[in-house]
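Data first, discussion second: the structure below is written as structure tokens.
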Number of protein chains: 2
Amino acid sequence: MSATKLKDIASALGLSYSTVSRALKDNYRISEETRNRVKAYADKIKYKPNLAAQSLRNNRTRSIGVLVSNISNSFFSEVLDGIESIGYEKNYQVMITQSLESPENELKQMENLISRSVDGLLVSLCSTSNSVELLKETHLSGTPVVFFDRISALFETHKVVADNCGGSYNLTKHLLENGYKKIAHITSSPELSIAIERLEGYKKALAEYNVPFDEELVKHCLHGGMLIEETEKAVDELLKLEKSPDAIMTASDRITINTITILHNKNIAIPEKIAVAGFSNFSAPQIIAPPLTTIRQPAFEMGKMAAELLIRLIESKKPVDAFEKIILETELVVRKSTIRKR
Amino acid sequence: MSATKLKDIASALGLSYSTVSRALKDNYRISEETRNRVKAYADKIKYKPNLAAQSLRNNRTRSIGVLVSNISNSFFSEVLDGIESIGYEKNYQVMITQSLESPENELKQMENLISRSVDGLLVSLCSTSNSVELLKETHLSGTPVVFFDRISALFETHKVVADNCGGSYNLTKHLLENGYKKIAHITSSPELSIAIERLEGYKKALAEYNVPFDEELVKHCLHGGMLIEETEKAVDELLKLEKSPDAIMTASDRITINTITILHNKNIAIPEKIAVAGFSNFSAPQIIAPPLTTIRQPAFEMGKMAAELLIRLIESKKPVDAFEKIILETELVVRKSTIRKR
DNA sequence: CTGAAAGCGCTTACAG
DNA sequence: CTGAAAGCGCTTACAG
């Protein structure tokens, strides 16, 4: 490792290392001249302070911990991209962990991050999370926590979310306006905040168009589509209904892809037999067959906002009095032929 | 933060804190009984050692640094998933950074990671990298470096790569066997190891089938398809050729998606007019139109192998004498109708 | 404006 | 088998 220490600079320059330390971090009563000499020399030899020593001393690590459900999920990988971009800009190291939808993993990862003394936490909960107590403690002990995407009703804190209700309202409305009557909804675990909100938007649109809500048309994939079998079961059940649906509104990337794959495999024509439209952030909705009408979430933006908010909280001197909740608009992208136009 | 320290345990148990420290980390001459008492108590109060203090003392951080081109690229996000899974298993924190294909970013990120005293580095270089000197130094100073995916000819070290040459050979051969004669190849920057290897496999297959290699049929996207314009230019140039190609073999995810999107937009039928097949790890090749024949790289596996190798190097007592190079097989996935069958 | 000293929480060589 | 002490590289209250 780079072996230069404060001491080396000090002895090279004939100063005490307290002076060097102070010169390097400005805002202290140090003569202009000394400061410049020190800085010039430090630059020259590319001095890098030992972060471990600084952390130990300052009780700050300039790092933030992130917990997502799954790194390789396209929505989350975009969020992470956004978080990293802010981390880089503000010089915070980002430590990424995943729960893989297991509450045990989640808790362990969270404890890991906390034992690494991260300065703050960015969290998207798994569906059956039991980490809320730990997060509360952490928050109380002065390490800020910002939730994004999947939040908890059990813990009031800062939040950055997409307008899930509005998004699913718009998408459902779009289907209704194009003449669909029996719109099914395949979504993830009913305990997830995002699932609850998306269901709400769906119901709201139905009500507005006087379409009675039918419990049987709503199906849950408890693992959010991580297992194709659960989506398969959902689709099968829908197809078996007396009056099977004429459209399916899907609530996530994986569920959307699964649903289309399954319908393809069953040779059920989209959109002639059943229309599909859904939440999706995956890379290429325009080239799938048929081009898919989607609600796109501002994932990159969400990561950026959440990271910015967190860093602001970390760096604010005075304790933050009120919790912020940032709601980001979703975008309805209508693509030809995914649903029959009226 | 959890305020329990060694000292607290020591005073609670009436021991010196050196004894507590030793009891906690086994393999030392400590009586069975004391050890158990200490461990039981530590468990009870959920003692977590202060990582910063340990790092400072041990010059080890139990963390590994990762550099990829772009987190949200589906190939890399799968690799990261694999790396994280091993990090979790072996209790190493993973610090992820991205170069965004900028050599300046790359260098700065690398310096960041090194100044955080990571125990090892997992690197996929950007196409015009100038970080190799720094990496050499790092490696010499005892911090192991493992390259994956995109490697450098300038620096002999441990490597984990896909069989790019074999993959592109297989894919090209598949096209040739199905009667295509003028096969174009759109690939990324000619300086990238993966691009060189894929070009090689392409040439090898052509030679085997006595198809003369034609320079004009090879196009480079210097940003690896991050800008759709560069792929558009490549496709345009190919279409303008006297005898325009009957198939395009694409060398990466983004280039594949771009190419299909562009051909769609130009209303050029795939595969009737031009067949497309390419390297791709994106989530749903089966539902794109038409279902795409791809070479799939074992991305998750690559991340796992690279992380395992790195951690083995970190933990090996004796310096490693020989560099390992692990080559992972790629998988040709033939899907209906992406190319006309003979 | 600058220096000497204490201390952050650990680990480990040195005694006993 | 256990303890007292030094030291990892910083920062900062205390003197001057």
Side-chain angles (χ1 to χ4, degrees), chain A residues 1-39 41-42 45-63 114-119 141-143 317, chain B residues 1-39 41-42 45-63 114-119 141-143 317:
Chain A
M1 230 61 59
S2 87
T4 10
K5 304 161 206 167
L6 274 186
K7 219 188 331 186
D8 303 329
I9 305 189
S11 61
L13 260 40
L15 291 164
S16 78
Y17 58 93
S18 3
T19 305
V20 175
S21 168
R22 285 196 277 252
L24 251 19
K25 36 183 42 213
D26 294 325
N27 66 359
Y28 218 84
R29 333 146 251 161
I30 291 279
S31 77
E32 199 56 32
E33 193 205 326
T34 315
R35 187 197 324 263
N36 292 339
R37 265 179 74 216
V38 172
K39 287 202 163 185
Y41 186 75
I45 65 165
K46 291 191 185 165
Y47 167 69
K48 302 265 185 238
N50 180 311
L51 282 274
Q54 284 187 326
S55 308
L56 180 57
R57 197 39 239 259
N58 298 338
N59 215 15
R60 291 209 33 205
T61 52
R62 282 202 94 79
S63 68
I114 292 169
S115 83
R116 297 225 163 230
S117 309
V118 291
D119 296 338
S141 78
T143 302
K317 306 297 180 205
Chain B
M1 229 61 60
S2 86
T4 10
K5 304 161 207 168
L6 275 186
K7 218 184 339 183
D8 303 330
I9 304 188
S11 61
L13 260 40
L15 291 165
S16 78
Y17 57 94
S18 4
T19 305
V20 175
S21 168
R22 284 195 278 251
L24 251 20
K25 38 184 40 217
D26 294 322
N27 66 0
Y28 218 85
R29 329 149 254 159
I30 292 278
S31 75
E32 199 56 33
E33 193 206 326
T34 314
R35 188 198 322 265
N36 291 340
R37 264 179 74 214
V38 171
K39 288 201 161 184
Y41 187 73
I45 66 166
K46 290 191 189 170
Y47 167 70
K48 302 266 185 233
N50 179 312
L51 282 273
Q54 284 186 324
S55 306
L56 181 57
R57 195 42 237 259
N58 299 338
N59 216 16
R60 290 211 32 206
T61 51
R62 283 203 92 81
S63 68
I114 292 169
S115 82
R116 296 222 165 234
S117 310
V118 291
D119 296 337
S141 78
T143 303
K317 305 298 178 202

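Numbered from 1 within each chain, the chains take letters A, B, ... in sequence-line order.
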[N] OP1/OP2 closer than 4.0 Å to side-chain N/O of [X]:
X: A/Y47; N: D/dG9; value: no
X: B/S21; N: C/dC10; value: no
X: B/Q54; N: C/dG9; value: no

Subject >> Side chain of B/N50 (C-beta onward), nearest among D/dG3, C/dG9, D/dT11 >> reply: C/dG9
Expected rows: protein N/O vs nucleotides 4-7 of chain D N/O, under 3.5 Å:
from  : atom 1 : to    : atom 2 : distance (Å)
D/dA4 : N7     : B/S18 : OG     : 3.3
D/dA4 : N6     : B/S18 : OG     : 3.2
D/dG7 : N2     : B/R57 : NH1    : 3.2

Original post:
Can you list the residues that meet the salt bridge (charged side-chain N to carboxylate O under 4.0 Å, His left out) rule with A/R57, with sequence neighbours excluded?
Top reply: none
Original post:
For B/R62, which residues count as a salt bridge (charged side-chain N to carboxylate O under 4.0 Å, His left out) partner, sequence neighbours excluded?
Top reply: B/E315
Original post:
When you match B/G14 and B/L56 each to their closest nucleotide on DNA chain D, which lands nearer the 5' end?
Top reply: B/G14
Between atom [atom1] in [X] and atom [atom2] in [N], what is the gap in whole Å?
X: B/N59; N: C/dC10; atom1: CG; atom2: C1'; result: 14 Å
X: B/R116; N: D/dG9; atom1: CZ; atom2: C1'; result: 16 Å
X: B/N58; N: C/dC10; atom1: CG; atom2: P; result: 12 Å

**OP:** Using the test side-chain hydrogen bond (donor to acceptor under 3.5 Å, both in side chains), find all partners of B/S16 that sit at least two apart in sequence or belong to another chain.
**Re:** B/S18, B/T19
Original post:
Which range-with-range stems can be found for DNA chain C when each stem has 3 or more Watson-Crick or G-U pairs in a row and both distances sit under 3.5 Å?
Top reply: C:1-3 with D:14-16, C:5-12 with D:5-12, C:14-16 with D:1-3
Original post:
Would a distance-only check, ignoring hydrogens and angles, find a side-chain to backbone donor-acceptor pair under 3.5 Å from B/S115 to A/K48?
Top reply: no
Original post:
Is there a donor-acceptor contact under 3.5 Å from the side chain of A/D8 to the main chain of A/K5?
Top reply: yes
Subject >> Side-chain heavy atoms of B/I9 within contact of B/Y17, under 4.5 Å >> reply: no
**OP:** Taking the side chain as every heavy atom from C-beta outward, state whether B/L24 and B/Y47 have any pair of such atoms under 4.5 Å apart.
**Re:** yes
**OP:** Please list all pairs passing the salt bridge (Lys or Arg N to Asp or Glu O under 4.0 Å) test where one or both residues lie in residues 9-21 of chain B, with sequence neighbours left out.
**Re:** none
